[in-house]
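Since this is a predicted model, take the numbers as computed values, not measurements. Both counts, for ligands and for their atoms, begin at 1 and track the order of listing.
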Amino acid sequence: MKRLFCAVLACLLLSGCGWFEQKADVDFWCMDTFMNVKLWGSGAEKAAGELQTMMNDLHTTWSAANEQSLLGKLNVGMEVALTDEQQAVLDRAQALSRRTGGAFDPKMRAVSRAWGFYNLAYRVPEQADIDAALALEQWDLGAAMKGYAGEKAAAYLEQTGVDRGILSLGGNIQTYGEKPDGTPWQIAIQNPYGEDALGIISVQGTKSVVTSGSYQRCFEANGQFYHHILDPETGYPADSGLVSVTVICDEGMTADALSTALFVMGLEDGVEFWRSSDDFEAVFVTEDGGIYATAGVALSGCSYEVIQ
Ligand code: AMP
Ligand code: MG
């Protein structure tokens with residue numbers, strides 16, 4: 001009995017030291033992208049399973065490509081009884097659109113579709129098709145939903161025994177909690193011109209780090225480069241001089257919407273927007289290879305200009 005007690009005590013002590021800490025490391029495909037969930041702490045496996053279900057449910061509800069989804073129904077004018085959460089998401093999307101002067105536009109579905117970004121049947125549409133698509137104003141939260149998913153995942157983890165985790169949701173990273181040794185999470189941002197990392201961003205605690213890049217979905221036609229981040233004013237791929245924008249923010253949905261919006265705005269307007277805001281930091285990469293990080297970003301592994 002005494003020996004058993006000693007063994008249990010040893011286990012408890014070791015688990016307190018992190019040696020026997022529960023871990024989960026789960027890969028899956030959702031929202032048309034590869035996702036990975038890494039969690040540490042009590043009930044990690046169960047929580048990872050719950051998060052996978054959460055991601056699938058969000059996709060079912062919010063995929064603009066699916067006619068049976070909430071957005072699919074709204075886009076054909078169906079009357080839908082919204083839950084409080086759904087209403088809040090739509091309200092936040094519209095508020096983010098107003099905040100960014102329309103650079104983030106949650107109603108670009110028909111325009112994305114005209115360019116073939118939905119079914120990867122890329123084409124350059126006629127001007128008349130773009131005009132008609134802009135007029136349709138169909139919901140598409142593809143520029144904000146993975147960020148919202150990260151934010152919702154972090155809120156869920158608060159209610160579990162999980163101490164910390166890191167979620168990779170396509171181009172979006174959501175951290176949760178502090179690393180036990182107190183060192184920051186290290187997040188690589190992709191080099192838009194290669195497979196390697198452009199640099200490493202350090203963040204502490206629960207944060208969302210989201211990158212929008214023209215390299216993420218693009219095609220060439222008649223010697224021209226076209227990509228999926230569209231300027232809502234023209235209906236054409238944003239020609240802002242940027243190749244990627246990374247946003248670091250407490251709120252995932254805001255991070256995601258702002259990364260898209262800043263890409264559309266370009267460096268100069270994006271910097272002005274940052275100066276008039278107090279809830280995010282950003283890294284801008286320009287077409288000529290320049291890297292610009294706002295003053296609050298802890299960026300290493302590359303040379304860059306700090307924006308004050
Ligand atoms: P992200 O990768 O977060 O920048 O989101 C890009 C996706 O959002 C595109 O594939 C489109 O589905 C949609 N989208 C494109 N342009 C915009 C825009 N200006 N505002 C909001 N959503 C957009
Ligand atoms: Mg986005």
Side-chain angles (χ1 to χ4, degrees), residues 30-35 58-59 62-66 69 71-72 75 89-90 92-123 125 130 133-134 136-151 168-174 189-190 192 208-219 226-240 242-249 251-266 269-270 273 280 282-285:
C30 184
M31 298 187 190
D32 299 323
T33 190
F34 171 75
M35 295 191 170
L58 285 171
H59 180 63
W62 295 104
S63 166
N66 173 5
S69 75
L71 294 189
N75 282 339
V89 168
L90 296 179
R92 279 176 74 190
Q94 283 180 313
L96 284 159
S97 182
R98 287 192 295 275
R99 177 179 168 189
T100 58
F104 166 76
D105 183 340
K107 296 194 173 174
M108 293 289 282
R109 178 183 188 269
V111 190
S112 285
R113 203 186 150 100
W115 286 92
F117 285 117
Y118 264 74
N119 48 4
L120 307 187
Y122 302 135
R123 60 185 171 266
I130 292 178
L134 279 168
L136 276 177
E137 297 200 358
Q138 290 184 333
W139 284 102
D140 169 13
L141 292 182
M145 191 40 60
K146 290 198 287 287
Y148 177 69
E151 172 186 319
S168 171
L169 314 172
N172 294 26
I173 303 292
Q174 175 72 49
I189 40 174
Q190 193 182 324
S208 180
V209 182
V210 177
T211 299
S212 286
S214 50
Y215 59 89
Q216 289 167 339
R217 203 173 296 179
C218 52
F219 66 98
Y226 299 97
H227 63 84
H228 70 132
I229 304 170
L230 303 170
D231 183 340
E233 282 194 2
T234 62
Y236 267 74
D239 186 16
S240 64
L242 295 175
V243 284
S244 82
V245 180
T246 300
V247 169
I248 303 123
C249 181
E251 289 183 350
M253 183 169 173
T254 305
D256 201 349
L258 291 187
S259 70
T260 308
L262 292 173
F263 191 104
V264 172
M265 288 179 202
D269 289 355
F273 183 83
F280 73 94
V283 178
F284 301 85
V285 184

NE2-CD distance between His227 and Gln216, expressed to the nearest 0.5 angstrom |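 If I round to the nearest 0.5 Å, the distance is 11.0 Å.
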Practice item. Calculate the angle formed at the Mg ion (ligand 2) by O in Asp256 and OG1 in Thr260; 10° precision is enough. Key: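 With the Mg ion (ligand 2) as the vertex, the angle is close to 90°.
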Query raised in the report: Heavy-atom contacts under 4.0 Å between Ser112 and ligand 1: side chain, backbone, both, or neither?
Result: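 The answer is the side chain of Ser112.
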Contact region, Asp140 to ligand 1, non-hydrogen atoms below 4.0 Å, reads side chain
Please say whether [X] places an N or O atom under 3.5 Å from an N or O atom belonging to ligand 1.
{"X": "Ser212", "result": "yes"}
{"X": "Tyr118", "result": "no"}
{"X": "Ala103", "result": "yes"}
{"X": "Asp256", "result": "yes"}
{"X": "Ala144", "result": "no"}
{"X": "Thr260", "result": "yes"}

When Leu136, Asp105, Leu230 are each screened for side-chain contact (heavy atoms from CB on, under 4.5 Å) with Val111, the one that passes is Leu230
Neighbour count above 12 (heavy atom, 6.0 Å) for Glu233 CD
no
Just checking Asp239: does its CG atom have more than 12 heavy atoms from other residues, nucleotides or ligands closer to it than 6.0 angstrom? no
Pro232 heavy atoms within 4.0 Å reach ligand 1 at atoms 19 (N)
The atoms of ligand 1 lying under 4.0 Å from a heavy atom of Asp105, numbered in the order shown, are 18 (C), 20 (N), 21 (C), 22 (N)
Practice item. Would you mind finding which of His228, His227, Arg113, Lys146 brings a heavy atom closest to atom 10 (O) of ligand 1? Key: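 The residue whose heavy atom sits nearest atom 10 (O) of ligand 1 is His228.
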Counting non-hydrogen protein atoms only, what is the nearest one to atom 16 (N) of ligand 1? Give residue, atom name and distance.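 Here the nearest protein heavy atom works out to Leu230 N, 3.0 Å.
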Starting from atom 23 (C) of ligand 1, find the nearest protein heavy-atom neighbour and note its residue, name and distance.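 Ranking protein heavy atoms by distance from atom 23 (C) of ligand 1, first comes Ala143 CB, 4.0 Å.
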Provide the closest heavy-atom pair for [X] versus [Y] in the form atom of the first, atom of the second, distance.
{"X": "Ser214", "Y": "Leu242", "value": "OG-O, 4.3 Å"}
{"X": "Leu141", "Y": "Leu71", "value": "N-CD1, 3.8 Å"}
{"X": "Phe219", "Y": "Arg123", "value": "CZ-O, 3.6 Å"}

What residue among Tyr226, Trp115, Phe117 forms ring pair (Phe, Tyr, Trp, His ring centres under 6.0 Å) with Tyr122?
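Going through Tyr226, Trp115, Phe117 one by one, the ring pair (Phe, Tyr, Trp, His ring centres under 6.0 Å) with Tyr122 is satisfied by Phe117 alone.
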Contact with ligand 1 for Phe104, non-hydrogen, under 4.0 angstrom
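Phe104: in contact with ligand 1 (<4.0 Å).
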ask   = Within less than 2.8 Å of the Mg ion (ligand 2), any N, O or S from Ala143?
value =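 Yes - counting backbone and side chain alike, Ala143 has an N, O or S atom under 2.8 Å.
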Kindly indicate whether the side chain of Ser208, heavy atoms from C-beta on, has any atom under 4.5 Å from the side chain of Glu151.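 No, side chains not in contact.
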Quick one: does Tyr236's side chain get under 4.5 Å of Asp231's, heavy atoms only?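 They are not in side-chain contact.
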